[in-house]
Amino acid sequence: MRSSRRSFLVGAAAAAAVASLPEPAVAATAEEHRVLVIGSGFGGGVAALRLAQAGVPVTVLERGRWWRSGPDASTFPSPLSPDKRLLWYGATPKALRATQDLIGGLLNFGPYVGLVEPILGENMLSMVAAGVGGGSLVYQGMTLQPSRETFHEVLPEQLDFDLMDRVHYPRVAQMLGVETAPDELVSSVNYKAPRVFKKRAEAAGYSVEKIPMPIDWDYALAELRGEMKPAYTDGSGAMGVNNGGKHSVDVTYIDQAVATGRVTVRTHHNVNRIERARDGRWVVHVDRTDDTGRVLEQIEMTTPTLIMAAGSMNTTKLLVEAKGSGAVPGLPDGLGTGWGTNGDRIFAWTNLVDQFGAAQGGPVVYGSKDWADPALANTVIQASIPPVPLLVNNLTMMVGFGVSQGRGEFRYDSWTKSAKLHWPASGDVPVHDAITARVERIAKNTGGIIDTHKIVPSTWHPLGGANMGVVCDLDGRVEENPGLYVLDGALIPGSTAACNPSMTIAAVAERALDNIVRHDVGVRI
Ligand SMILES: Cc1cc2nc3c(=O)[nH]c(=O)nc-3n(C[C@H](O)[C@H](O)[C@H](O)COP(=O)(O)OP(=O)(O)OC[C@H]3O[C@@H](n4cnc5c(N)ncnc54)[C@H](O)[C@@H]3O)c2cc1C
């Protein structure tokens, strides 16, 4: 709760004021809060809701904006004719500049609080999201739970798989309203690509099953009946579903958190750095911006309880920079290590034999699990693409992810005062080989596959950096740093066991919050 607010001029603005330059002044203010949560994705959403339900007032700081959708809305950008809404204004320009040269400046639009931030590290491009709801805004929504065996391949036994299987995974599934695509939809003309994938994968000897998705599929059926513009049924919802019906974190956890009356979500609040005050409390330095990223106010927020939920990349970056700069000297030694890609690999599949159809319904219907050997367990799914003129009949996407062994680390550069990910180029070779062999067998004799990873090594599933058992306990408490918690993908040790990450990030956060509410609320929170 805000207990004080002071205003004054800072930095360049103050200097400009003294020199009577016409530069607009940036107000600097100070506030105090009971609990601050940085980020409103899966970890932030679970933390805000469960603390609020326990009676604790919470302020959520989110750098992006709200993205409200509904039937026939045009909230989200089209993946085929992207505009400023696609990219986060702070997006790493180097990788993009190179890409823009290749694609003729297609992405050359002005700064905006857009949806996707590509973060370039050594040997690895990580894609993360921005906006209320975090990654759930742009994710396809695959909501997979590991088996006991795959779970224990990467996650500590003390998390208690049986408990999570009984309580926390089902709780997340219920919150997100996950359902598989109905047969009525899958048998329709637009869903030929998923059917082709199923036929080919089964012919190659793999089992295939429907993937649970956080989607009200009645929206897709309504599209087929012509009652709404297509968003699901032509694959065009790849960067956010305009029609609604997707149970993303903003319309589930965050809306319910706000409805308690105890949670305030502050959008356009970009956290620059954190530090520890002499009295042991946490100080969070925030820029409040407009839609273009222009700073309107600089706010110094102080709190006894700081929950890091900015996602693996940004939580780890903020923490490693706090440690490297000396702003939080006592952070654990393993901070920044143990980061992984979840074994991600994305393939373009050209199929000249079957024809996928003029419009590819999606986002995802089927996947094939190969989990027999937990050490190399992997899943391959087919994801539909937007209607690319001339190509869509022959092109779709296969995506694989699995138990990965490679681990990278964030290092602090005292010259630039920033943290950067360093990834060993051959980090994921065993699991990538296993995935590639399966994809090649599925696509055999149909045309060919292009492994996008060979062009740009990338991941949409960054995980770890403040790993449980190394930096934090299993409930996300940062060792030796009372009042500091990590409750997002940064807590997960590099892989979610042959599954996409959101289900496990949310379930681990749900488990942690049960314990935090039981043991910490009323004591240190
Ligand atoms: C295109 C795409 C498709 C994906 N598909 C799937 C899928 O099908 N299934 C699946 O399980 N996963 C998928 N993922 C991954 C999934 O979205 C992430 O694993 C998940 O969202 C991570 O949750 P989180 O709580 O760790 O952080 P996030 O959901 O990333 O939330 C972090 C939030 O913190 C905010 N933030 C970051 N830095 C700051 C700062 N300095 N100040 C203030 N706010 C900040 C961000 O804006 C963001 O809203 C996909 C990801 C992408 C990008």
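Remember, it's 1-based here, ligands and their atoms both numbered in the order they're listed.
- Annotation for ligand 1: atoms under 4.0 Å from non-hydrogen atoms of Ala130 are 47 (O).
- In this structure, the side chain of Gln140 does not engage the main chain of Met142 through any donor-acceptor pair within 3.5 Å.
- Between Met142 and ligand 1, an N or O atom pair is found at a separation short of 3.5 Å.
- Across Trp88, Trp460, Phe401, heavy-atom proximity to atom 2 (C) of ligand 1 is greatest for Trp460.
- Residue Gly135 holds the heavy atom nearest to atom 30 (O) of ligand 1 of all those in Cys499, Gly41, Gly135, Pro118.
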Apply the test side chain to side chain contact (heavy atoms under 4.5 Å, CB included) to residues Leu421 and Ile119: give CA-CA distance (whole Å), side-chain angles for both, the deciding distance (0.1 Å), then the verdict. CA-CA 9 Å; Leu421 172 69; Ile119 303 176; over 6 Å; no
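- Heavy-atom contacts of Ala129 reach the following atoms of ligand 1: 46 (C), 47 (O), 48 (C) (cutoff under 4.0 Å).
- Counting only heavy atoms, the protein gets under 4.0 Å from atom 43 (C) of ligand 1.
- Closest heavy-atom approach to atom 32 (C) of ligand 1 among the candidates Gly134, Ala310, Pro501: Ala310.
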Steps toward side chain to side chain contact (heavy atoms under 4.5 Å, CB included) verdict (Tyr366, Glu209): CA-CA 6 Å; Tyr366 291 119; Glu209 57 194 82; over 6 Å; no
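- Proximity to Gln140 (heavy-atom distance under 4.0 Å) selects the following atoms of ligand 1: 3 (C), 4 (C), 5 (N), 8 (O).
- Ring-centre distance between Phe42 and Tyr139: below the 6.0 Å cut-off.
- Between Tyr112 and Tyr89, the distance separating the two ring centers is not shorter than 6.0 angstrom.
- Using the six-membered ring where Trp is involved, Trp217 and Tyr232 have ring planes that are tilted, between 30° and 60° apart.
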